[in-house]
Structure formats: structure tokens, C-alpha cells
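Nothing fancy with the numbering, it's 1 onward along the sequence.
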Amino acid sequence: MIERKAQIFNVQKYNMHDGPGVRTLVFFQGCPLRCEWCSNPEGQYKKYQILYKKDQCVNCGTCVSVCPAGVHKINAAGKHFIDRDVECIGCRKCEEACLKNAMAIVGESKTISELLDIVEEDRPFYETSGGGVTLGGGEVLAQPEAAASLLQACKQRGINTAIETCGYARPEVFEKVAGYVDLFLFDVKHMNSERHRELTGVRNEMILGNLIWLLENRYNVKIRMPMLKGVNDGEDEIRQLVELLMPYQDLKNFKGVDLLPYHKMGVNKYTQLGWEYPVEGDPKLSDADLEHIERVISQYNFPVSVVRH
């Protein structure tokens, strides 16, 4: 029997921000959204990506000679470039051959057993801190079979589980994985569906429907709001979210709201991928802005906190 595999792009050890305690965060590739502020653009597509630092390249051509797919090329001026129309096969020969560490291949196929072995390495930290494993991305539910298999295996070994999700998946996907998830870290990016589509590429009706289903069926949920000035920080926006959640505020499985301030940690990745960064200006909220939003939400007796990555 062939073991199921997951396409991932990173594993982050000793994570303290994405669920309780010390956690191992496994990043799955592929996402149905295209959020303008995405800090992990290398995880948007379920395929190998090349992060290329042009300023470190010396145009030696070594990568051209070792690449079996013809991704790397030298132009008439003797300058190296990456042909993004050619798909990288993930052999990593260019990465290994590059003398200046000017490129890195992102993406890796791992069996569930291999991922479980990595997660198990930090079991002592989970046991002393109340931590566990968190599956993120990209969007972990874009690979539902692999996600369910890894979550089930972790639960069988007594490892606490959490997932970070944009919520955009068929309801049956949530039904499939929910029993193996101790905590859903559930993104709410914008309450207006049309504006949500403008910002992310999809409408939000299915997202909010999945959120309500989780709450009503008593699965543990913490709301996460990526906060951008002039985008989703208005009081009307915040009050619409509060109104949506009011019927569930006394449920033990509603774990409150995390505010995630906008940051620029992913900006350089866009350049390395050969993409333009979509966000114009700097929509970062001040501490005073964030404190005001906290006060508005806390008026309704919701647990709320600012989480800075």
C-alpha cells in the first residue's frame, strides 16, 4: 500500500504563536486565496518554487549546466535569469551547485510517517508546555486527505493538534478533519463578501458558514484577524464581526479573537519569486489603533489579544 504524502514548504520548530504551548508548525503548499498581504507567497501554489536572490548571483552559469528542466538560462548579455514559464521539478541541483547561495528551492514531498517523525522529535516540549503540532500554509485544507491523515496520526499518539485555516473549503472537508483538531485558528479577513473577493480572490459566504458550523458543533475555535489600516480596521467592520459572534460568546469552545498586525516580513519573497508585491503604501496600524480595536471588542466580553509574529 502506497503511503499518503503531503506537499510542504517549511517546518518551523519551537513556535510560540500558533496555538498553546511550544508547537511544531508544518506549512502545507497550496491555497485557494490570493490575499494581497500574504506573507508566505511561496506557499500559494502546490508546486516547487525558486527563491532567487539576484543581487547575490555572479552569473557563473553553473546552475544552467546542472538544471535538467531548463529553468535557468543565460541571456545574450551574459546575465542569468529564471524562465518562470518552465516548471521546476524540485531536484535541487541548482541550489546545491550555486557557489553564492543565490537560490533556494521551496517545496518538498513528505510521507505522513516522515512528518510524524519530525513532529515527535519535540514531544518533551509539548508535554512540559501543553503544546503540540499546528498545520498551516498556504492552506492546509487544500490537501484534505493528507491533513486528515497527519492529524489522525498525531491524535493517536496523544499529540495536541491545531490548524490555521482561511476557512475556504467545502463543508465536508471540515466535517472530515474536525474530530482530529483540538483548536481551529480561523481567519476572518473581511466581513463584506464583495470586498473580501477584491482582497483575496474569493467571496466569504462559505468561510463564514464553516465558522458557524464549527462553533455550533462545539469545536474549539479562535478567530484571527489580519489587521490592515484602511482595509478592515473600521468600527463598522469590527462590530459586524462582533454581531456574528455574539450568539456564541458564552460557549466554552469559543476561544476569543487574536488581532494579527500587518507586517512586511514576506515582502522580499515576492522579489525573489519574480512577482510584484500587491500592497501599496504601508497599512500598518499603530499601537494606539490596535489598542482601540481591542477596547471595542472587549466591550462585548470577548477575549481579545494582539499577536505579533
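- Around atom OH of Tyr180, no more than 12 heavy atoms belonging to other residues, nucleotides or ligands sit under 6.0 Å away.
- Here the side chains of Ile293 and Glu291 are not in contact, with every heavy-atom distance at 4.5 Å or above.
- Ion pairing between Glu145 and Lys176 holds under the 4.0 Å rule for side-chain N and carboxylate O.
- Looking at Asp83 and Lys73, a side-chain N of the basic residue comes within less than 4.0 Å of a carboxylate O on the acidic one, giving a salt bridge.
- Looking only at atom types and distance, the side chain of Tyr48 has no donor-acceptor partner in the side chain of Glu108 under 3.5 Å away.
- Partner Lys269 forms a side chain to side chain contact (heavy atoms under 4.5 Å, CB included) with one of Ser39, Pro41, Cys38 and no other, that one being Pro41.
- A salt bridge does not link Arg92 to Glu96: none of the charged nitrogens lies less than 4.0 Å from a carboxylate oxygen.
- How far CD of Gln272 is from CG of Asp55: 8.5 Å, rounded to the nearest 0.5 Å.
- Between the side chains of Thr24 and Gln12, no donor-acceptor pair of N or O atoms lies under 3.5 Å.
- Thr271 and Asn268 share no side-chain donor-acceptor pair at under 3.5 Å.
- Aromatic ring orientation, Phe174 versus Phe186: tilted (interplanar angle from 30° to 60°).
- Note on ring orientation: taking the six-membered ring where Trp is involved, the planes of Phe9 and Phe27 are tilted (angle from 30° to 60°).
- Glu243 has no carboxylate O lying under 4.0 Å from a charged side-chain N of Arg239, or vice versa, which leaves the two without a salt bridge.
- Checking Arg170 against Asn210 by side-chain atom types alone, no donor-acceptor pair falls below 3.5 Å.
- Both tests hold for Arg34 against Tyr45: distance to the six-membered ring centre under 6.0 Å, angle to the ring axis within 45°.
- Looking at Gln29 and Gln7, their side chains do bring a donor and an acceptor atom within 3.5 Å of each other.
- Under the 4.5 Å side-chain criterion, counting only non-hydrogen atoms from C-beta, Leu208 is in contact with Met191.
- Using a 4.0 Å cut-off between charged nitrogen and carboxylate oxygen, Arg23 and Asp122 do not count as a salt-bridge pair.
- With Lys189 as the partner, the side chain to side chain contact (heavy atoms under 4.5 Å, CB included) test is satisfied by one option alone out of Leu199, Leu228, Thr200: Thr200.
- Just one residue in the list Leu151, Val26, Thr134, Leu135 forms a side chain to side chain contact (heavy atoms under 4.5 Å, CB included) with Val140, and that residue is Leu135.
- With a 4.5 Å cut-off on side-chain heavy atoms, Asp258 and Ile223 do not count as touching.
- A salt bridge does not link Lys47 with Glu87: none of the charged nitrogens is closer than 4.0 Å to a carboxylate oxygen.
- Within the 4.5 Å cutoff, no side-chain heavy atoms of Asn204 are placed close to those of His190.
- Remark: the His292 side chain and the Glu235 side chain contain an N/O donor-acceptor pair separated by less than 3.5 Å.
- For Thr165 and Glu139, the side-chain atoms include at least one donor-acceptor pair closer than 3.5 Å.
- In the model, Arg84 has no side-chain atom that pairs as donor or acceptor with a side-chain atom of Tyr52 under 3.5 Å.
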